[in-house]
Amino acid sequence: MEEFWHSTSHIMASAVCRIFGDIKLGIGPAIAEGFYYDFDCKIQDEDLPKIEDEMRKIIDEDQRFEKIVMNIDEARKFLERQTYKLEILDEIDDEHVSFYKNGSFTDLCKGPHIERTGQVKAFKLLKIAGAYWRGDEKNPMLTRIYGISFESKEELDDYLKKQEEAKKRDHRILGPQLGLFEIYDEVGGGLAFWHPKGNILRDEIIWFLKKEHKNRGYFELTTPHIGKIELWEQSGHCDYYRENIYFIEKEEENYVLKPMNCPGHIMIYKSKMRSYKDLPIRYFELGTVYRYERSGVLHGLLRVRGFTQDDAHIFCNESQLKNEIEEVCRFAFDMLSRFGFNEYEIYLSTKPEKYVGEDEIWDLATDALKGVLEEQGLNFSIDPGAGVFYGPKIDIKLLDALNRAWQGPTIQVDFNLPDRFDLSYIGDDGRKYRPVMIHRVVLGSLERFIGCLVEHYAGKFPLWLSPTQVIILPITDNQLNYAKNVERIFISEGIRTELDSRSEKLQRKIKDAQELKIPYMIIIGKKEEEQEKISIRHRSKGDIGPYGIDDFIKNLKDEIREKLSI
RNA sequence: GCCCACAUAGCUCAGUAGGUUAGAGCGCAUCCUUGGUAAGGAUGAGGUCAUCGGUUCAAGUCCGAUUGUGGGCUCCA
C-alpha cells in the first residue's frame with residue numbers, strides 16, 4: 001500500500017499546486033494508514049473539497065508517473081525556490097537523484113510509484129493539521145493534509161466505517177456513559193473524577209495489583225504527595241524536569257507536588273543501614289503524582305496531569321540486576337495478558353541528549369535491558385535518545401481504539417539516583433557498596449491503563465471487572481418481592497447486583513441493561529417465581545435459559561475467580 | 001505551546017439569508033400502562049445560545065479577544 005498511498009500524496013500535491021500556484025513543499029510520505037503532504041501555504045478546512053475535486057480531475061486525466069534522473073547540480077537548479085526540498089537535497093550523498101513527474105507536477109522523490117494516476121479509484125482527505133518542518137518546534141509550521149486512498153470505493157467505505165466504529169469505543173465517550181469517570185473543565189484539564197462505578201473498576205484493579213505484588217516479594221509503601229523542593233533538587237528533577245513540576249510556596253518554604261515517587265522510596269531505603277543480605281529490596285506504591293503537561297497534549301484519561309502509578313523501585317546489586325529485570329518483564333507481560341492485552345509495541349529507549357552519569361554505566365544498563373529482551377525472544381525496536389535522564393528503559397506501548405500507541409509498562413535502570421542520594425549497602429567483606437535501582441510500573445498509570453482497557457473491551461468488561469455484574473429485571477411489579485429476595489441473596493454472596501424496579505416493559509429494561517453493558521441479566525416473571533428459579537440473559541450470548549439460584553451463583557463465582565473474558 | 005476546526009437544555013443535535021416569546025429526541029419529574037428477551041403512552045420542569053467586547057434599528061447567527069474542547073505537530077521521567 002505504501003507505494004499507492006505515496007503516489008496519492010503526489011496527486012494531492014499536484015492538485016494543491018494547481019490551485020494555490022507555486023508554493024513551497026515539505027514532505028509527503030505514506031504512513032501506517034494513508035498519507036500526508038506538508039505545504040508552506042495557508043489551507044483551511046473549506047479548501048479540502050476544492051482540492052479533492054482537482055485530484056479527481058488529475059485521476060481522470062490518468063497521468064503517467066515518470067521517473068526523471070538529474071545530477072545534483074541540475075536538481076539544485078530545478079529546486080531553486082523550494083527551500084525545504086533543497087535542505088533534503090543537501091543530505092543526499094549521491095551524484096544523481098530521482099524525480100517523479102505526473103502532468104506538470106515534478107517532485108524530488110526516490111519512489112517508487114504506481115504506473116498511472118487513474119489507478120486511484122477512491123480517496124478522501126481526512127484532516128488538516130499544523131506540523132513543524134522536520135518536527136522541530138523551532139522551525140516554521142507547515143500545513144499538513146492527511147488522506148487515505150484505495151483501489152476501490154468499497155475498500156474506502158469499509159475503512160471509513162471501521163473508523164466510525166472505533167470512535168464508538170472511545171473511552172472519553174464510553175467512560176461518562178457507563179458512569180466510570182468524568183473530567184470537569186471547571187476543575188481543570190487532565191484531572192479525572194472517578195464516579196462510583198469507575199471506582200469499583202479501579203478498586204478491583206488495585207486489589208489485584210496489591211495481591212500480585214505481595215506474591216512477588218514487594219513491600220507496599222505510602223508516601224506524601226508534597227515535599228520540600230530540596231529533595232527534588234538533590235534528585236535532579238528540578239534541573240531535568242522543571243517545566244513539568246507544580247511548585248507550592250508557603251511561609252517562604254518551597255514545596256513541590258510530587259511528580260514521581262522515587263525520592264520517597266529512596267528516603268525509606270536510606271532510613272537505616274542495609275546489608276547485602278537484604279537485597280534485593282522491592283518497594284511498591286500506588287503513588288499519585290502530578291505533572292504539568294502542555295494544554296495541547298491532554299487526552300481524556302490517556303494523557304492527564306494527575307495520575308496514580310503502580311510504581312515500584314527495586315534496590316539490588318549489579319549481579320542481581322539481570323534477574324530482576326527478567327522478573328519484572330515477566331510480571332508486566334503476565335499482568336497485561338490477565339487484562340486481555342495481547343498486542344503491544346516494545347521499545348528499548350537509549351541515552352537522551354540531557355542525561356546524568358557516565359557513558360560506560362549507560363552502556364552497561366542498556367546492554368542489561370537488551371539482553372533480557374533478546375533472551376526472552378521478544379520483538380522490539382530501538383527508540384534512540386528516548387531514555388530518561390537517569391537511565392535507559394524498556395517501554396511497552398498499548399494501542400487505543402484508533403491504534404494510537406500509549407506508554408504503559410516501563411522498566412528503567414538507574415545508576416544515577418543511588419549516587420545522588422549516596423545510597424549504600426554493606427557487602428560480605430564489611431565494605432560499603434552502591435546499590436543499583438530499577439524503576440518500573442507494570443500497568444503504568446491506572447488512569448491511562450483504564451482508558452486503554454475501556455477501549456480494548458469497548459466497555460464490555462469481563463465479569464470480575466464489571467462495576468455491575470448482574471441486574472435483576474422483574475417482568476411486572478408482582479415479582480418485585482421475589483426480585484428483592486433474589487437481590488439480597490446475590491448481594492450477600494458478594495455479587496455486584498442491581499435491581500431495575502421501574503414499571504417499564506421487559507424489552508425496555510433489557511435495552512437499557514444492554515447499553516450499560518452489564519454482563520448478566522436476571523429475568524424474573526411469574527414462571528420463575530413459582531419454580532423458585534431465575535432466567536438468565538447474557539449481554540453477548542442472549543437468552544441462556546433458566547437456572548437455580550445457587551447454581552448460577554456458583555457459575556458466577558467461578559467466572560470471577562478465573563478472571564475469564566467472555 | 002503551535003496549526004486548523006468547533007462551542008445552542010444534563011446528553012446528542014436542528015436553528016433558514018441577522019428580525020418578535022430559541023426547537024427536537026434522549027434523560028429527569030408526575031400520572032396512566034403490568035407488558036416474557038434491545039425503546040408503551042400522556043403531561044411537565046429545564047436554555048442570560050461558553051465568556052467579554054464590537055458592528056447594526058436589531059446578533060444564537062457577522063467581526064475581534066479570552067476560555068474550553070476536538071484532530072494533528074512538538075513534548076511526554
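Residue numbering restarts at 1 for every chain, and letters A, B, ... go by the order of the sequence lines.
- For A:F552 and A:Y520, the ring centers are positioned less than 6.0 Å apart.
- Here B:G72 presents its C1' atom at 10 Å from CZ of A:R404, a figure rounded to the nearest Å.
- Checked by atom type and distance alone, the side chain of A:R172 never pairs as donor or acceptor with a backbone atom of A:L301 at under 3.5 Å.
- Nucleotides B:U74 and B:C3 place their C1' atoms 11 Å apart, quoted to the nearest Å.
- Here the side chain of A:R448 pairs no donor or acceptor atom with the backbone of A:W406 at under 3.5 angstrom.
- Contact of A:R448 with B:C76 (side chain to base): no donor-acceptor pair of N or O atoms is detected under 3.5 Å.
- For the pair A:E137 and A:R294, the salt-bridge criterion is met [side-chain N within less than 4.0 Å of a carboxylate O].
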- [ ] Between protein and nucleotides 31-41 of chain B, map the contacts as a letter string: B base, S sugar-phosphate only, - none, heavy atoms under 4.0 Å, written 5' to 3'.
- [x] --BBBBBBBB-
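- Two rings, from A:H213 and A:F284, have their centers less than 6.0 Å apart.
- Counting only distance, with no hydrogens or angles, the side chain of A:D311 and the backbone of A:L286 share no donor-acceptor pair below 3.5 Å.
- Protein atom CD1 of A:I173 is 11 Å distant from nucleotide atom P of B:G70, rounded to whole Å.
- Residue A:H299 places none of its side-chain N or O atoms closer than 4.0 Å to OP1 or OP2 of B:C76.
- B:A38 and B:C31 have their P atoms separated by 29 Å, given to the nearest Å.
- For A:K50 and A:D53, the salt-bridge test fails: no basic side-chain N is under 4.0 Å from an acidic carboxylate O.
- Taking the centre and axis of the six-membered ring of A:Y344, the NZ or CZ atom of A:K397 falls outside the cone set by 45° and 6.0 Å.
- On the C1' atoms, B:U61 is 13 Å away from B:U56, given to the nearest whole Å.
- In this model, the phosphate group of B:C75 is not approached by any side-chain N or O of A:R303 to a distance below 4.0 Å at OP1 or OP2.
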Pairwise N/O distances under 3.5 Å, protein to nucleotides 1-11 of chain B:
| from | atom 1 | to | atom 2 | distance (Å) |
| --- | --- | --- | --- | --- |
| B:G1 | OP2 | A:S295 | OG | 2.3 |
| B:G1 | N7 | A:G296 | N | 3.3 |
| B:G1 | N2 | A:Y132 | OH | 2.6 |
| B:C2 | O4' | A:Y132 | OH | 3.3 |
| B:C3 | O2 | A:G130 | N | 3.0 |
| B:C4 | OP1 | A:K42 | NZ | 2.9 |
| B:C4 | O2' | A:D45 | OD1 | 3.4 |

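- Atom CD of A:E532 sits in a sparse spot, with 12 or fewer heavy atoms from other residues, nucleotides or ligands closer than 6.0 Å.
- Distance A:H237 NE2 to B:C76 C1': 14 Å, rounded to the nearest Å.
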